[in-house]
**Q** 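Mind looking over this structure? Questions follow.
Read the numbers this way: they start at 1 and go in the same order the structure lists the ligands and their atoms.
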Amino acid sequence: MHPLLQVEKLDISFTQDEEKTRAVKEISFRLEQGEMMALVGESGSGKSVTALSFLQLLPQQAGISGNIFFSSDGKEQVNLAKAGIPEMEKIRGNKIAMIFQEPMTSLNPVFTCGNQVMESLRLHQHLSKAAARQRTIELFTQVELPDPTAMLTRYPHELSGGQKQRVMIAMAISCNPALLIADEPTTALDVSVQKHILQLVKKLQLKYNMGVLLITHDLGLVAEVADSIAVMYKGELVETGPATQILSNPQNPYTQALLACRPAANSKGHRLPQVADFLSGDEPPRNDLRLPHTAKI
Ligand code: ADP
Ligand code: MG
């Protein structure tokens, strides 16, 4: 096992009309080879911006400082915060793959699902047409799509939301990435489908010893699959650690609030508590703050 990602004092800000907004504030964390880390926090906390910076996909007005050391083999190391375009092209969709919340924004509606995966295989892996077709059927089988051969000729609009996300996952793992970044991959899906998709990602993580950065606003959802959890609040990383530790003994009031706001922790018929019920002020909560006495976790 070796560190796949070492993020050091990553800071990201956007400047618009001479006004600077800091979206990510000097965050540091480490992701090991084959580890699944959930990056959790409410909307706007800086999760997507963090992930996009790893692939240098931030818009031009973004300013970035700090280091993002990435090593797929434990030997060669690239600083993703500073790498040049040729280096990034070798990494994107090859050593690091990414899937997003809405698969329709990534799938092209005018091409069949088979075509899109085959095209990607031919481009990145230089496979022949026949080999790409065979490999696509294998990939569709691995992501547990029904009737993988028939799926080749289906258009994205003919698939359910969960099936489309499975096609995206097939495309993402087609290059055997060392790191898969999944940004809210199940947020647009029904609750029952969400679980199946996460179970699939977990299965693939273990099978390929792939590092996974699973981004979500839903701490409850990742409890069963994440090895470690990093909690973000207003651009800061307020707590990181093994999933079991964070879920059973959260130290930061914001993490405690996220856990208390999960429906499962509350009886039916009562208004769910909100994070705002637990926190006040704009500053990230410190670990020495205590929960209000009303909170039972
Ligand atoms: P999350 O994924 O946690 O919901 P984001 O990473 O998308 O949050 O955004 C974090 C913050 O970064 C937002 O609150 C927003 O202020 C800022 N931000 C994101 N993208 C841009 C952009 N293109 N231009 C300016 N500000 C942005
Ligand atoms: Mg986001």
**Q** With distance as the sole test, does Asn115 use its side chain to make a donor-acceptor pair with the main-chain N or O of Met118 at under 3.5 Å?
**A**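 No: the side chain of Asn115 does not pair with the backbone of Met118.
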**Q** Can a donor-acceptor pair be found, under 3.5 Å and without considering hydrogens, that links the side chain of Lys25 to the backbone of Asp11?
**A**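 It does not hold such a pair.
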**Q** Can you tell me if Asp183 and Ser48 form a side-chain donor-acceptor pair at under 3.5 Å?
**A**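 Checked: Asp183/Ser48 side chains pair up, N/O donor to acceptor below 3.5 Å.
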**Q** Taking the minimum heavy-atom distance to atom 9 (O) of ligand 1, which of Val49, Thr50, Thr15 ranks first?
**A**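 Looking at heavy atoms only, Val49 sits closest to atom 9 (O) of ligand 1.
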**Q** Tell me yes or no: between the side chains of Tyr254 and Glu236, is some donor less than 3.5 Å from an acceptor?
**A**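 There is no such pair (donor and acceptor under 3.5 Å, judged by atom type) between the side chains of Tyr254 and Glu236.
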**Q** Go through ligand 1 atom by atom and flag the ones less than 4.0 Å from a non-hydrogen atom of Ser43.
**A**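 The atoms of ligand 1 under 4.0 Å from a heavy atom of Ser43 are 4 (O).
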**Q** Examine the side chains of Glu184 and His217 and answer whether a donor and an acceptor come within less than 3.5 Å of each other.
**A**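 Yes - a donor-acceptor pair under 3.5 Å links their side chains.
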**Q** Quick one about Glu35 and Ser228 (side-chain donor to acceptor, distance below 3.5 Å, no hydrogens or angles considered), yes or no?
**A**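 Indeed, the side chains of Ser228 and Glu35 share at least one donor-acceptor pair under 3.5 Å.
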**Q** Which protein non-hydrogen atom lies closest to atom 23 (N) of ligand 1, naming both residue and atom, and how far is it?
**A**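 Residue, atom and distance for the closest contact: Pro59 CG, 3.5 Å.
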**Q** Of all the heavy atoms in Gly46, does at least one lie under 4.0 Å from an atom in ligand 1?
**A**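 So Gly46 counts as touching ligand 1.
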**Q** Please report the number of protein N, O or S atoms that lie less than 2.8 Å from the Mg ion (ligand 2).
**A**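 My tally for this metal is 1.
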**Q** Any N or O of Thr21 that comes nearer than 3.5 Å to an N or O of ligand 1?
**A**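 For ligand 1, there is no N or O atom that lies under 3.5 Å from one belonging to Thr21.
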**Q** Tell me: protein heavy atom nearest atom 20 (N) of ligand 1, and distance?
**A**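 The closest one turns out to be Phe14 CZ, 3.6 Å.
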**Q** Where is the nearest protein heavy atom to atom 7 (O) of ligand 1: which residue, which atom, and how far?
**A**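 Protein heavy atom at minimum distance: Ser48 CB, 3.7 Å.
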**Q** Is Ser45 touching ligand 1 with its side chain, its backbone, both, or neither, if touching means heavy atoms under 4.0 Å apart?
**A**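 For Ser45, the contact with ligand 1 is made by both the backbone and the side chain.
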**Q** Report yes if Ala23 has an N/O atom closer than 3.5 Å to an N/O atom of ligand 1; otherwise report no.
**A**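 No, Ala23 has no N/O under 3.5 Å of an N/O on ligand 1.
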**Q** Is it true that the side chains of Lys202 and Gln205 contain a donor and an acceptor less than 3.5 Å apart?
**A**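 Yes - a donor-acceptor pair under 3.5 Å links their side chains.
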**Q** Just to confirm, does any protein heavy atom lie below 4.0 Å from atom 15 (C) of ligand 1?
**A**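 Neighbour list for atom 15 (C) of ligand 1 is empty of protein heavy atoms (cut-off 4.0 Å).
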**Q** Look at atom 13 (C) of ligand 1 and say which protein heavy atom is nearest, naming residue and atom and giving the distance to 0.1 Å.
**A**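 Nearest protein contact, heavy atoms only, for atom 13 (C) of ligand 1 is Gly44 O, 4.0 Å.
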**Q** Is it true that Glu239 and Thr255 share a donor-acceptor pair across their side chains at a distance under 3.5 Å?
**A**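 There is such a pair (donor and acceptor under 3.5 Å, judged by atom type) between the side chains of Thr255 and Glu239.
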**Q** Going from CD on Gln256 to CG on Asn249, what distance comes out if it is rounded to the nearest 0.5 angstrom?
**A**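 Nearest 0.5 Å value for the CD-CG distance: 8.5 Å.
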**Q** Can a side-chain donor-acceptor contact be found between Lys95 and Asn176 if the only test is distance below 3.5 angstrom?
**A**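 Result is no, nothing qualifies.
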**Q** Rounded to the nearest 0.5 Å, what separation is found between the NE2 atom of His196 and the CG atom of Asp190?
**A**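 His196 NE2 to Asp190 CG: 11.5 Å, rounded to 0.5 Å.
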**Q** Would you check the N or O atoms of Lys47, main chain and side chain alike, for any that come under 3.5 Å of an N or O of ligand 1?
**A**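 There is such a contact, yes.
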**Q** With side chains defined as the heavy atoms from C-beta onward, is the minimum distance between Leu214 and Val225 less than 4.5 Å?
**A**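 Side-chain contact under 4.5 Å: yes.
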